[in-house]
Amino acid sequence: MSLLFRRASLASLGLAVGLSALCLSPLMAQETAPAQPAPAAPVDPNTVVATVNGQPLTEADLVLAEGELSQQFAQLPAEQRRAAALSAAIEIRVMAAKAVSTGLDKDPDFQRRMAFLQQRALHGEMVEKGVVDKVTDAEIRARYDQEIANTPPVNEVHARHILVKTKEEAEAIIKQLDGGADFQKLANEHTSDPSGKTSGGDLGWFGPGQMVPEFDKAAFALEVGKYTEQPVQSQFGWHVIKLEDKRTKQPPAFDDVKDQAKQAVIRDKYFALVKSLRADAKVEIPDANLKKAVDTMESAK
């Protein structure tokens with residue numbers, strides 16, 4: 001999911017994690033190898049894990065801190081992450097209280113930033129609850145089927161080649177093939193392609209555009225079982241190409257691309273919702289150049 005869909009983290013609020021939460025060094029994490037924990041029993045989110053100046057800090061607050069600060073604690077074992085998250089949450093509480101007592105919460109710049117971050121968080125909640133959570137398996141499958149139906153069939157070929165430095169060498173190899181020589185044996189003996197010296201020049205299956213243009217054109221023009229009657233030059237040298245087989249490339253299985261299909265559905269639903277809300281909103285941009293730039297950007301979505 002794009003950054004647009006992510007909720008604002010505590011780090012983005014400008015809240016620092018105190019030194020005591022970060023003093024658990026990677027070395028300590030390495031020296032203390034925790035045993036595998038047993039499955040945890042469900043915990044009441046209202047359970048108080050600490051009090052700060054008489055105010056409760058609950059299990060739900062701790063879970064939120066662990067999630068929002070997960071990158072800072074990624075290298076720590078689970079139990080240390082919990083302790084670090086609690087330490088950070090306590091520091092945030094006491095620093096926030098100090099900021100309020102000194103009037104920093106009344107600063108106009110801070111209030112603007114908080115208003116924006118609240119709107120951003122609400123945007124994230126709307127995306128999560130109004131878009132992501134409403135995507136159904138049927139919609140994902142329909143999007144997959146649509147993509148498959150709209151994708152033209154692509155042919156693949158299975159080819160071998162012998163790569164040499166000069167046209168004369170390639171012509172000599174073709175002459176041997178005309179006389180009944182085995183292509184794979186000649187490839188093992190003569191090709192300068194390192195991967196082909198033990199595989200008979202086998203390139204496996206490939207589709208249009210995966211090879212350099214000259215090679216691509218020659219390979220796809222061959223009939224199955226035939227080899228090029230004239231050497232094919234590319235930036236790598238001179239090729240003699242044999243076509244082993246052709247087939248129509250099979251589309252990816254639904255389970256292999258389900259996540260991509262879901263993201264496509266989410267993206268479409270998101271932009272449809274934004275378009276609907278923008279249509280009902282009264283938006284005025286006095287700067288003509290800026291308005292033109294925004295309109296151009298919006299029309300491209």
Side-chain angles (χ1 to χ4, degrees), residues 1-133 135 259 262-263 266-267 270:
M1 188 177 296
S2 72
L3 290 175
L4 182 64
F5 295 156
R6 293 181 183 171
R7 301 180 185 181
S9 68
L10 289 179
S12 70
L13 301 181
L15 298 174
V17 177
L19 291 177
S20 62
L22 297 179
C23 68
L24 299 171
S25 68
L27 180 60
M28 180 184 292
Q30 293 173 7
E31 291 175 346
T32 307
Q36 292 296 325
V43 178
D44 183 352
N46 295 315
T47 300
V48 176
V49 295
T51 58
V52 181
N53 293 327
Q55 297 298 314
L57 199 155
T58 67
E59 188 69 39
D61 296 325
L62 185 57
V63 170
L64 180 62
E66 283 191 80
E68 296 291 350
L69 300 171
S70 59
Q71 289 185 345
Q72 287 94 320
F73 307 143
Q75 302 302 316
L76 298 178
E79 190 57 36
Q80 290 184 8
R81 285 200 300 270
R82 180 174 170 83
L86 179 55
S87 177
I90 292 170
E91 290 178 28
I92 289 170
R93 287 282 184 95
V94 297
M95 291 288 282
K98 179 64 175 178
V100 170
S101 70
T102 56
L104 291 180
D105 59 321
K106 302 298 192 297
D107 180 81
D109 287 340
F110 172 78
Q111 290 186 340
R112 277 192 291 270
R113 187 164 69 252
M114 285 301 299
F116 173 77
L117 290 172
Q118 181 185 38
Q119 291 167 357
R120 184 180 175 189
L122 287 170
H123 167 275
E125 286 297 307
M126 188 63 198
V127 170
E128 203 70 30
K129 302 297 194 300
V131 179
V132 176
D133 290 351
V135 172
D259 288 343
K262 181 178 181 179
Q263 292 306 315
I266 290 172
R267 183 179 62 247
Y270 172 79

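The analysis underlying the following values was restricted to heavy atoms, covering all of them including side chains, and did not include hydrogens, waters or symmetry mates. Position 1 is the first residue of the sequence, and the numbers go up from there.
Ala89 approaches Leu57 most closely through the heavy-atom pair CB-CD1, 3.8 Å. Closest heavy-atom contact between Val49 and Leu86: CG2-CD1, 4.0 Å. Closest approach of Ala88 and Leu69 over heavy atoms only: CB-CD1, 3.7 Å. Across every non-hydrogen atom of Ala85 and Glu66, the tightest pair is CB-CG, 3.3 Å. What you find for Val127 and Tyr270 is that their closest heavy atoms are CG2-CE1, 3.6 Å.
Taking CD from Glu68 and CD from Gln71, the interatomic distance works out to 10.5 Å, rounded to the nearest 0.5 Å. Atoms OG1 and CG, on Thr58 and Leu64 in that order, are 9.0 Å from each other to the nearest 0.5 Å. To the nearest 0.5 Å, the span separating NE2 on His123 from CD on Gln118 amounts to 14.5 Å. Atom NZ of Lys129 sits about 4.0 Å away from atom CD of Glu125, to the nearest 0.5 Å.
A distance-only check finds a donor-acceptor pair linking the side chain of Ser101 to the backbone of Lys98 [under 3.5 Å]. Judged purely by atom type and a 3.5 angstrom limit, Glu59 has no side-chain atom pairing as donor or acceptor with the backbone of Val48. Thr51 contributes no side-chain N or O that, together with a main-chain N or O of Gly54, makes up a donor-acceptor pair within less than 3.5 Å.
Within a 6.0 Å sphere centred on CG of Asn53, heavy atoms belonging to other residues, nucleotides or ligands number 12 at most.
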Q) Can you list the steps and then say if Gln263 with Ile266 is a side-chain contact (heavy atoms from CB on, under 4.5 Å)? A) CA-CA 5 Å; Gln263 292 306 315; Ile266 290 172; 4.1 Å; yes

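In this structure, Asp109 and Arg112 have side chains that are in contact, with non-hydrogen atoms separated by less than 4.5 Å.
Salt bridge absent: Asp259 and Lys262 never bring a charged side-chain N and a carboxylate O closer than 4.0 Å.
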